[in-house]
Amino acid sequence: MTDVIRTFRLTKHYDTRRVVDCLNLQVQRGQVYGFLGRNGAGKSTTIKMLMGMVQPDSGEVELLGEKVSAMCPKTRERIAYIAEGHPLYNWMTIGEAVRFTRAFYSNWNHTLVEQILDHFELSRKQKLRRLSNGQRAQVSLALAVAPEPELLILDDPTLGLDTVVRRDFLESLIQIIHRKGRTILFSSHILGDVERVADRIGIMVDGVLRVDCPTDHFRESVKKLVLDFPGPAPEAVDCPGLVNSWNLGSQLELILVGYDEAQRTAVEALQPRSIEIIDLNLEEAFIEYTRGRKRSLPLFAMEESRHDQSIGDQGIA
Amino acid sequence: MQFQCDTTSRKPIYRQLIDQVRRGIARGQLQPGDRLPSVRQLSRDLVVNPNTVARAYTELEREGTLLTQQGRGVFVAEPGNDLTKKARRKQLSEKLDLLFVEAVHLGFSAGELLTMVQDRIGQFAFVTEEKDAP
Amino acid sequence: MIKALAIKELRESAGLMALASLGMVWALAGLMGVNPLRYLSGGYVAPDQSIAFVNDSFATWASVLVGGLAVALGLKQSAWERGRDTYYFLLWRPVSRRVVFGTKIIVGVFLVVALLAVAIGIYGWWASIPGKKPAPFEWSMTFSAWKLALALPLIYLGAFLSGLRPGRWFGTRLIPLAGVFVWVFFASAVPYIWLFIPMLVLGYFGVLVAISYFVETSDF
């Protein structure tokens, strides 16, 4: 399969802080990639570097096989970008924004724009300034999809939208995905949305892409173990894939990535009275994973294989 | 039948869909030959990635619950008897044991459990008794 | 698409342009002796002894108003979009950055020069009407005003560069603008036109090179 997005050792510093650290990101054609991370983890800077809005200190970005730093305008027609907050010219009316944007493209699906505007009951005469966040997001999405791009890169498109409007936006996104061969990368803070929409997720922690695997795969590999001890619980356990642990008197709670035989042996060696293994939903798994001891987080980057549930722990960073 | 998906659940979405189809069949809401919504349709209705729906359907097809007819859609299959009665009996006893463990822990008597089983049995679509049943 | 870009820039500059034009109308009215404030003061109105463009206050007014427009427009056209994140929208359109910023600058320079040219034209036409001024009018008298029209776009570009250049502190961001100001001031003080022109050309060249450098390399 071809990589539609590809970065090579992408690095960016702000002052002395390394915001993005040697990022190698690959997104294949047709994938819907959920890009996650806490605030300040480097998601936004990464997306801006993907779009050439921020210059990397070192490294390269390729979109649709072409270097972003020297991309010809023709290629940019095939890629849509929605920045955080859906920036548009507020003094324009919806009609003016459509006319302005249309002027740049050789391919423009007029019917699609009309459909979206009609569906959300947006009049062309309305000023963008007067729109709600949700309406603005819909206009911005309509402008982005009208040139029928192959690749869409959206920076937290549902930020600041209420539940109902967010659902509308996701519905539109699902419609876009129905078009075969379309690739989407989007960042989000709402894990439920990501689970619905994304095939694959990447999680950045402190500028490093720590997780890059199919969505279900991640949530299925992060497990919470509750160990019950007859006496006081041991302080800590040393086993590969440990993200975090809490000592609660006679109980020890562990967050593990990729629970397997080796880990089971290590845990059983502590001789607990009982072991309870708790599955987590995506949000819980994300929270437990990202608040772990950052420098020692186990990385996992899995190759695409839908029914392969084994976890390859690629070692400690 | 109305499908649902819940992202706060600890069950992955494709699993939720599989369970719903199986429950629907068990309860008789879905009959063999019934047509299920297409991947596209269900993806749109539930607002989930079409690949997730496709994954659930594929898995159900693999276990023989669903049948895809090229160009016509996805249908509920005739109940298959791939496994021998003995193997199926073994599978079910394992599940039954789980139920018993739970009932004992929750402090129910055997009589109470039997009554509950009798009460609920009507809600499900069981096959008619086979000849070789003991 | 250049047309769309140009229209957008014109629309976004309309407010500042209207303000500057209003100021210019007021200043010209004063120069033509219809300043209402003079009557408000109620006192004695001195007879107009000045010669148009030569020893009246046209140059001062034009420098302040058109210079002010140049600075405001330059900053607005470059920095305003950064503050509203619309660069992310604009710069992803399938057109080169050179074209986007080139269009901005051409529109800006056009507006600055147009305001000054229209003012010179109107005032010159009025001064050429016999009896309006004590001295007869010759278009060659507008020479110093046209010199201003050559210099002010450089001020505009300096402001544009200041708004474009990333910088943490506002003071350091204004360095290019301040530098251009000093340069233009010196160039204007030089009495020889053969030196004035090359100095301006050098200024334009330097600022344009800097702008195209920052257009390609700065973080938006």
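We name chains A, B, ... by the order of the sequence lines, and we start the count at 1 in each one. The figures that follow rest on heavy atoms only: side chains count, while hydrogens, waters and symmetry mates do not.
- Counting heavy-atom pairs closer than 4.5 Å to chain C, the top-ranked of the candidates A:F100, A:F104, A:Y81 is A:F104.
- The part of C:E81 that comes within reach of chain A is its side chain, from C-beta onward, which places non-hydrogen atoms under 4.5 angstrom from that chain.
- The backbone N or O of C:F89 lies less than 3.5 Å from no partner atom in the side chain of C:T86, so there is not a single donor-acceptor pair.
- For C:I2, no part lies near chain A; criterion is any non-hydrogen pair under 4.5 Å.
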Passes side chain to side chain contact (heavy atoms under 4.5 Å, CB included), A:T11 versus A:L23? Steps please.
-> CA-CA 7 Å; A:T11 304; A:L23 176 72; over 6 Å; no
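- Taking a cutoff of 4.0 Å between a charged side-chain nitrogen and a carboxylate oxygen, A:E96 and C:R11 qualify as a salt bridge.
- Ring to ring, C:F220 and C:Y88 are not that close: their centroids are 6.0 angstrom or more apart.
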Dump the intermediate steps for side chain to side chain contact (heavy atoms under 4.5 Å, CB included) on A:K67 and A:E60, then the final yes or no.
-> CA-CA 7 Å; A:K67 281 189 178 143; A:E60 266 294 347; 3.5 Å; yes
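- Of the atoms belonging to A:A144, not a single heavy atom falls under 4.5 Å from chain C.
- Neither the backbone nor the side chain of A:M49 comes within contact range of chain C, judged by heavy atoms closer than 4.5 Å.
- Each of C:W80, C:F101, C:W92 was evaluated against C:Y87; a single residue qualifies, C:F101, per the ring-ring contact (aromatic ring centres under 6.0 Å, His included) test.
- Listed options C:D85, C:D219, C:L90 were ranked by heavy-atom pairs under 4.5 angstrom with chain A; first place goes to C:D219.
- In terms of heavy-atom pairs under 4.5 Å with chain C, the best-connected choice from A:T75, A:L88, A:I79 is A:I79.
- Among C:E216, C:K3, C:E12, the residue with the largest count of heavy-atom pairs under 4.5 Å with chain A is C:E12.
- In this structure, the portion of A:L143 lying under 4.5 Å from any heavy atom of chain C is its side chain and not its backbone.
- In this structure, the side chains of C:M24 and C:L115 come closer than 4.5 Å at one or more pairs of heavy atoms.
- Contact check on A:E171 versus A:R166 returns no salt bridge, with no Lys/Arg side-chain nitrogen under 4.0 Å from an Asp/Glu carboxylate oxygen.
- For chain C, the nearby part of A:T101 is the side chain; its heavy atoms alone come within less than 4.5 Å.
- If you tally non-hydrogen atom pairs under 4.5 Å between each of A:I82, A:D155, A:V54 and chain C, the highest count goes to A:V54.
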